[in-house]
Amino acid sequence: MDKKAVLSALSALSQETRLDVFRLLVQAGPDGLPAGAIAEALGVAPNTLSFHLAQLNHAGLIAQRRESRSLIYSAEYGHMNALMGFLMENCCGLPANAAACGPMCATAPEAANGESTASSPRRRV
């Protein structure tokens, strides 16, 4: 993934509504959700949602398809994984000493409220 694509994705996700939309679509899975269901779930006006969906689509984070008269949106998992890979690519100086610092770079699961669910604190790099 090149820097321009990374910056576009991070820019799209740096807005609260777009981040909420993206997280909802990731949770929805590959089948995605119709635009109306997204608007209802997040309490966003349809015209406002259309703007945010267009931004996420332009950044390559979501896909849009038509089913009958509905537009269905789904997360682009490949793009999401490429973004995460780019961000983690040099974690702890990897791959130079993967055996020594791999566990220190592993992230602990977090609850939706941001609290760590692991028994030990995470080391932030």
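Scope of the values below: all heavy atoms of this structure, side chains included, with no hydrogens, waters or symmetry mates. Predicted model only: the values in this text are computed from it and were never measured.
One distance of note links CZ of Arg23 with CG of Asp20; it measures 7.5 Å at 0.5 Å rounding. Taken to the nearest 0.5 Å, the CZ atom of Arg65 stands 11.5 Å off from the OH atom of Tyr73. Put simply, CD on Gln27 and CZ on Phe22 are 11.0 Å apart, with the number rounded to the nearest 0.5 Å. Atoms NE2 and CD1, from His79 and Ile62 in turn, are 11.5 Å apart once rounded to the nearest 0.5 Å. Here the NE2 atom belonging to His52 is positioned 9.5 Å from the CD atom belonging to Glu16, to the nearest 0.5 angstrom.
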Test side chain to side chain contact (heavy atoms under 4.5 Å, CB included) applied to Thr17 and Thr48, step by step = CA-CA 9 Å; Thr17 301; Thr48 301; 5.5 Å; no
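Counting only distance, with no hydrogens or angles, the side chain of Ser50 and the backbone of Pro46 share a donor-acceptor pair below 3.5 Å.
Pairing each heavy atom of Arg18 with each of Ala12, the nearest pair is NE-O, 2.9 Å. Summarising the geometry of Tyr77 relative to Leu25, their closest heavy-atom pair is OH-O, 3.6 Å, with the distance given to 0.1 Å. Between Gly60 and Glu76, the shortest heavy-atom contact is O-CB, 3.4 Å. In plain terms, the two heavy atoms of Ser74 and Gly29 that are nearest each other are CB-O, 4.3 Å. Between Leu33 and Ala28, the shortest heavy-atom distance links the atoms CG-CB, 3.7 Å. For the pair Ser11 and Ser14, the tightest heavy-atom approach, listed with the atom from each and the gap, is O-OG, 2.7 Å.
Put simply, Leu87 and Leu56 are part of the same group of oily side chains (I, L, V, M, F, W, Y) that touch within less than 4.5 Å, one to the next. By the criterion of side-chain heavy atoms lying less than 4.5 angstrom apart, applied directly or through intervening Ile, Leu, Val, Met, Phe, Trp or Tyr residues, Ile38 is grouped together with Leu19 in one hydrophobic cluster. Taken together through direct or relayed side-chain contacts under 4.5 Å among Ile, Leu, Val, Met, Phe, Trp and Tyr, Met80 and Leu10 form part of one hydrophobic cluster. In the hydrophobic clustering of ILVMFWY residues, with side-chain heavy atoms under 4.5 Å counting as a link, Met1 and Met88 come out apart.
When side chains are defined from C-beta on, Leu13 counts as touching Leu83, because their heavy atoms get closer than 4.5 Å. You'll find the side chain of Asp31 stays beyond 4.5 Å of the side chain of Ile72, heavy atoms only.
For CD of Gln64, the number of neighbouring non-hydrogen atoms (other residues, nucleotides, ligands) closer than 6.0 Å is greater than 12.
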